[in-house]
Chemist: 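Supplied in structure tokens, the structure appears directly below.
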Amino acid sequence: RGAAASGRQVSTQNALLWATVGGLVLSACGGASTTDKASTDGVAEPARDGGDEDGQDGTADGGEDTAPPEDSGDPPLPGPPTLHIPPTGLTADALGVVFNADWEGSEAIARRYAELRGIPDNRVVGLDLGTAGNLSREDFAIAQATLESSLDDSVQALLLTFTTPYRVDCMGASAAFGLGFDTRWCQPGPPCNPTAEGPLYGVETNAPWTEHHVRPTMMLFHEDADLAEAFIQRGIDGDDSLPGLDHGAKGRLVHTTDAARSVRERNFRAAVADFDSSSGLDLAFVDATEDGVDNELTVETDLLFYLTGLATLSAIDTNAYLPGALADHLTSYGGVFPTSSQTPATAWLEAGATASYGTAIEPCNYPQKFPRATELLPAYFQGATAVEAYWRAVEWPGEGNWVGEPLSRPFGHRTDWAEGVLTIDTSAVDPTQDWRIEVGDSADGPWEALSTGAGPVDGFGWVHIEQTEVWDRHYRLVIE
């Protein structure tokens, strides 16, 4: 049995999934933590893309027997094998949806989101949050207690289908629902103070609530119900779209002439350098301080990442964004909704992006209070969902609001099996990791290593693996 590998990629995360892909019965493996990439299989769940569910009992999905070569000594394989593969992001079974019972349209969006993502009714919770932009910490404590009593510990992340209230005292509303209210996250009083580091910053985990008592949270709302549904559908369309593998995708990290809002310049440069050409992504640092370079992109196509620093954006709706696109701008009041003295983060959604971020309280230009591209881009590329990637990227998160479709996950794995050859393309192996293909008699093993390989050397990129003579029932990809 042999294997070949090439390319480059990033780390795995979580999200338990089960699907029939390319003739394979695909099962997610991995326990509660992504630090143990070779842990035992998790609970199988239907594929998020509504794929074939015939193999959910662990057996192949049928089809004619496929015979191995006559001289192999192996018996015919009755259909494709089961591949146990590391999960890469949260799935719908780990998400709770919260609506503001006092705000018109909020519940309808919550119910529609739950329907489209397959979230059961008992994970959709209504809270009396009023109609003011700022929720007092006392009223938040009452709402938080109601929410906690309504959800069990399997809920790892939240979607808020409202943008009013947008803050809780000195915290952004999504930060407060994710972290719980505490003044260490926001330092009440005069603005421009450092705050506490978030427990999820730079951390790979598929169980943020279980392991860190944090539920990464996003907000999604629009008064136009059709537009709100378009936001949701855009995130769903991004799932497993495999940018850089199946189609081109661009990322533009822009250093503008606004020096105070361009403090992420060095980080932008580093993020572009972190990726290898095998990623298939067209990533570029754009320096608008040079002659002839505009502060804003215009009529750009296939954008997956667009990060910049300006108070007001006037041309973002001239660009075309891929489903699953992440975009944000560093400024003080991007997290103030529904209107702000500066361009709000929700304007990115209206322009075509899938998720964004902004601060609800004057943060000053601490780069720690805004997404770091060197965390955001690799996390997303390795298969994290939008909500996971964005929360991992903000070091001091307490004053922020994350907006968009939380479960969008363009990257991960593609698998195929034909005539005894197993093929895996994955973005989940980072440059510091090794991988191996193992064969087992059952889903519980015992497992025997067949082949091994290393992650990309020169930066994040796709890894291509081919395993020949695959005639047994169970195989798994281990990343460590």
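These numbers come from the heavy atoms of this one structure, side chains and all, not from hydrogens, waters or symmetry mates. Because the structure is predicted, anything quoted here is derived from the model rather than measured.
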Chemist: Any side-chain heavy atom of Leu477 sitting closer than 4.5 Å to one from Ile465?
Modeler: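 Contact flag for Leu477/Ile465 side chains = yes.
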Chemist: Could you tell me how the ring of Phe221 sits relative to the ring of Trp103: parallel (under 30°), tilted (30 to 60°) or perpendicular (over 60°)?
Modeler: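 Ring orientation of Phe221 relative to Trp103: perpendicular.
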Chemist: Closest heavy-atom contact between Ala360 and Val336?
Modeler: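 Scanning both residues completely, I find the closest heavy atoms to be O-CG2, 3.8 Å.
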Chemist: About how many Å separate CG of Asp328 and CG of Leu307, when rounded to the nearest 0.5 Å?
Modeler: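 Rounded to the nearest 0.5 Å, the CG-CG separation comes out at 4.5 Å.
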Chemist: Tell me whether Ser174 contacts the main-chain N or O of Trp402 through its side chain, where contact means a donor paired with an acceptor under 3.5 Å.
Modeler: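 Yes; at least one donor-acceptor contact below 3.5 Å.
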Chemist: Taking Arg473 for the side chain and Pro80 for the main chain, is one N or O donor matched with an acceptor at less than 3.5 Å?
Modeler: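 Yes, because the side chain of Arg473 sits within donor-acceptor range (under 3.5 Å) of the backbone of Pro80.
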Chemist: Rounded to the nearest 0.5 Å, how far apart are CG of Leu326 and CG of Leu303?
Modeler: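 Between Leu326 CG and Leu303 CG, I get 11.5 Å after rounding to 0.5 Å.
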Chemist: Hey, does Leu90 have a side-chain heavy atom less than 4.5 Å from the side chain of Leu95?
Modeler: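 No; the side chains remain at least 4.5 Å from each other.
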Chemist: For Asp246, which residues count as a salt bridge (charged side-chain N to carboxylate O under 4.0 Å, His left out) partner, sequence neighbours excluded?
Modeler: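 Result, salt bridge (charged side-chain N to carboxylate O under 4.0 Å, His left out) vs Asp246: Arg414.
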Chemist: By salt bridge (charged side-chain N to carboxylate O under 4.0 Å, His left out), which residues pair with Arg234, not counting sequence neighbours?
Modeler: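 Salt bridge (charged side-chain N to carboxylate O under 4.0 Å, His left out) list for Arg234, sorted by chain: empty.
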Chemist: Rounded to the nearest 0.5 Å, what's the gap from CG on Asn295 to NE2 on His255? Could you check?
Modeler: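 Going from CG on Asn295 over to NE2 on His255, the span is 9.5 Å.
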Chemist: More than 12 non-hydrogen atoms from neighbouring residues, nucleotides or ligands closer than 6.0 Å to NE2 on His213, yes or no?
Modeler: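 Incorrect, the count does not exceed 12.
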Chemist: Between Leu407 and Glu405, does the side-chain contact (heavy atoms from CB on, under 4.5 Å) criterion hold? Intermediate values first, please.
Modeler: CA-CA 6 Å; Leu407 294 179; Glu405 205 290 291; 3.9 Å; yes
Chemist: Please find the pair of heavy atoms, one from Gly358 and one from Ala345, that lie closest to each other, and give the distance.
Modeler: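 Smallest interatomic distance, heavy atoms only, reads N-CB, 4.0 Å.
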Chemist: Who passes ring-ring contact (aromatic ring centres under 6.0 Å, His included) against Phe370, sequence neighbours left out?
Modeler: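 Phe370 satisfies ring-ring contact (aromatic ring centres under 6.0 Å, His included) with no other residue.
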Chemist: Do the non-hydrogen side-chain atoms of Pro406 and Tyr113 ever get within less than 4.5 Å of each other?
Modeler: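 Yes, their side chains come closer than 4.5 Å.
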Chemist: Between Asn401 and Ala173, is there a donor-acceptor pair closer than 3.5 Å when you use the side chain of the first and the backbone of the second?
Modeler: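 Here the side-chain-to-backbone pair exists.
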Chemist: Mind listing the closest non-hydrogen atom pair of Thr385 and Tyr380 along with its distance?
Modeler: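 Heavy atoms of Thr385 and Tyr380 come nearest at C-CE1, 3.9 Å.
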Chemist: Could you walk me through whether His464 and Thr423 pass side-chain contact (heavy atoms from CB on, under 4.5 Å), step by step?
Modeler: CA-CA 7 Å; His464 180 74; Thr423 303; 3.3 Å; yes
Chemist: By salt bridge (charged side-chain N to carboxylate O under 4.0 Å, His left out), which residues pair with Glu438, not counting sequence neighbours?
Modeler: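 Glu438 satisfies salt bridge (charged side-chain N to carboxylate O under 4.0 Å, His left out) with Arg436, Arg476 only.
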Chemist: With sequence neighbours excluded, what pairs up with Phe177 under the ring-ring contact (aromatic ring centres under 6.0 Å, His included) test?
Modeler: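 So Phe177 forms a ring-ring contact (aromatic ring centres under 6.0 Å, His included) with Phe140.
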Chemist: Taking distance alone, no hydrogens or angles, what donor-acceptor pairs closer than 3.5 Å link side-chain atoms of residues 371-378 to residues at least two apart or in another chain?
Modeler:
unit_1	atom_1	unit_2	atom_2	d
Arg372	NH1	Tyr201	OH	2.7
Arg372	NH1	Glu395	OE1	2.5
Thr374	OG1	Asn267	ND2	2.7

Chemist: Applying ring-ring contact (aromatic ring centres under 6.0 Å, His included), name anything that partners His212, two or more places apart in sequence or on another chain.
Modeler: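 ring-ring contact (aromatic ring centres under 6.0 Å, His included) check on His212 returns nothing, list empty.
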Chemist: If I compare all heavy atoms of Ile479 with all of Pro86, which pair ends up nearest, and what's the gap?
Modeler: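 Heavy atoms only, the tightest pair is CD1-CG, 4.0 Å.
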Chemist: Mind checking whether Glu469 and Trp471 have side chains closer than 4.5 Å, heavy atoms only?
Modeler: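 With C-beta onward as the side chain, the pair touches.
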Chemist: Indicate yes or no: at least one non-hydrogen side-chain atom of Leu116 is less than 4.5 angstrom from one of Glu229.
Modeler: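 A side-chain contact exists here, since the closest heavy-atom pair is under 4.5 Å.
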Chemist: Got a sec, which residues hit side-chain hydrogen bond (donor to acceptor under 3.5 Å, both in side chains) with Asp237, two or more places apart in sequence or on another chain?
Modeler: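 Partners of Asp237 under the side-chain hydrogen bond (donor to acceptor under 3.5 Å, both in side chains) test: Gln233.
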Chemist: Got a donor-acceptor contact below 3.5 angstrom from the Thr359 side chain to the Gly335 backbone?
Modeler: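 Flag not set: sc Thr359 to bb Gly335 has no pair under 3.5 Å.
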Chemist: For residues Thr308 and His329, is any side-chain donor paired with an opposing acceptor at under 3.5 Å?
Modeler: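 No - no donor-acceptor pair under 3.5 Å links their side chains.
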Chemist: Is a donor on one side and an acceptor on the other found under 3.5 Å between the side chain of Thr205 and the backbone of Ala207?
Modeler: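 Yes, the answer is positive, given that a donor and an acceptor are paired below the 3.5 Å cut-off.
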Chemist: So, taking the atom named CG in Asp224 and the one named NE2 in His222, what distance separates them when rounded to the nearest 0.5 Å?
Modeler: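 It is 6.0 Å, given to the nearest 0.5 Å.
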Chemist: How far apart are the C-alpha atoms of Ile424 and Ile437, what are their side-chain angles, what is the distance that settles it, and do they pass the side-chain contact (heavy atoms from CB on, under 4.5 Å) test?
Modeler: CA-CA 10 Å; Ile424 302 172; Ile437 300 294; 3.9 Å; yes
Chemist: Output all residues satisfying salt bridge (charged side-chain N to carboxylate O under 4.0 Å, His left out) with Asp302, sequence neighbours left out; order by chain, then residue number.
Modeler: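 With sequence neighbours excluded, Asp302 shows a salt bridge (charged side-chain N to carboxylate O under 4.0 Å, His left out) to no residue whatsoever.
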Chemist: Is there a side-chain contact between Leu450 and Tyr475 (heavy atoms, below 4.5 Å)?
Modeler: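 A side-chain contact under 4.5 Å exists here.
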Chemist: Looking at every heavy atom in both Ser408 and Asp239, which two are closest together, and how far apart are they?
Modeler: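 Taking Ser408 first and Asp239 second, the nearest heavy atoms are CA-OD1, 3.4 Å.
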Chemist: Would you say the side-chain atoms of Thr82 pair up with the backbone N or O of His474, donor to acceptor, closer than 3.5 Å?
Modeler: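 Not at all, since once roles are kept as given, no pair shorter than 3.5 Å links the two residues.
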Chemist: Do the rings of Phe411 and Phe381 sit parallel, tilted or perpendicular, given the 30° and 60° boundaries?
Modeler: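 Geometry flag for Phe381 against Phe411: tilted rings.
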Chemist: When you look at Trp209 and Ser154, which way does the side-chain contact (heavy atoms from CB on, under 4.5 Å) test go after all the steps?
Modeler: CA-CA 8 Å; Trp209 176 254; Ser154 65; over 6 Å; no
Chemist: Applying side-chain hydrogen bond (donor to acceptor under 3.5 Å, both in side chains), name anything that partners Thr161, two or more places apart in sequence or on another chain.
Modeler: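 By the side-chain hydrogen bond (donor to acceptor under 3.5 Å, both in side chains) rule, Thr161 matches Ser106.
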Chemist: Quick check: do Leu158 and Leu147 have side-chain heavy atoms less than 4.5 Å from each other?
Modeler: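 Side-chain contact under 4.5 Å: yes.
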Chemist: Hey, is the main chain of Gly412 close enough, under 3.5 Å, to the side chain of Ser427 for a donor-acceptor pair?
Modeler: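 Side chain of Ser427 to backbone of Gly412, a donor-acceptor pair under 3.5 Å: yes, one is there.
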Chemist: Holding to ring-ring contact (aromatic ring centres under 6.0 Å, His included), I want the full list of residues that pass it with Tyr306, two or more places apart in sequence or in another chain.
Modeler: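 Trp348.
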Chemist: Does this structure show an ion pair linking Glu115 with Arg111, if we count only N-O contacts that are shorter than 4.0 Å?
Modeler: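 Salt bridge between Glu115 and Arg111, a charged N being under 4.0 Å from a carboxylate O: no.
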Chemist: If you compare all heavy atoms of Phe162 against all heavy atoms of Asn100, which two are closest, and at what distance to 0.1 Å?
Modeler: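 Taking Phe162 first and Asn100 second, the nearest heavy atoms are CD2-N, 3.6 Å.
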Chemist: Just jot down the side-chain hydrogen bond (donor to acceptor under 3.5 Å, both in side chains) partners of Arg261, sequence neighbours excluded, or say none.
Modeler: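 side-chain hydrogen bond (donor to acceptor under 3.5 Å, both in side chains) check on Arg261 returns Asp258, Thr331.
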Chemist: Distance check, rounded to the nearest 0.5 Å: Asp152 atom CG versus Asn122 atom CG?
Modeler: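 Going from the CG atom of Asp152 to the CG atom of Asn122 covers 7.5 Å.
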Chemist: Side chains of Ser262 and Glu265: any donor to acceptor distance under 3.5 Å?
Modeler: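 Per modelled atom types, Glu265 and Ser262 side chains form no pair under 3.5 Å.
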Chemist: Measure the shortest side-chain to side-chain distance between Phe460 and Asp430 over non-hydrogen atoms and say whether it is less than 4.5 angstrom.
Modeler: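 SC-SC contact between Phe460 and Asp430 confirmed.
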Chemist: Does the Glu296 side chain pair with the main chain of Leu313, one donor and one acceptor, at a distance under 3.5 Å?
Modeler: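 Checked: no pair found.
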Chemist: Determine whether a donor-acceptor pair (N or O, by modelled atom type, separation under 3.5 Å) exists between the side chain of Arg123 and the backbone of Val155.
Modeler: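 Flag not set: sc Arg123 to bb Val155 has no pair under 3.5 Å.
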Chemist: First locate atom CG of Leu160, then atom CD1 of Ile109, and finally report the distance between them rounded to the nearest 0.5 Å.
Modeler: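 The distance works out to 12.0 Å.
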Chemist: Under 3.5 Å, is there a donor-acceptor pair between the side chain of Gln156 and the main chain of Thr210?
Modeler: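 Yes: the side chain of Gln156 pairs with the backbone of Thr210.
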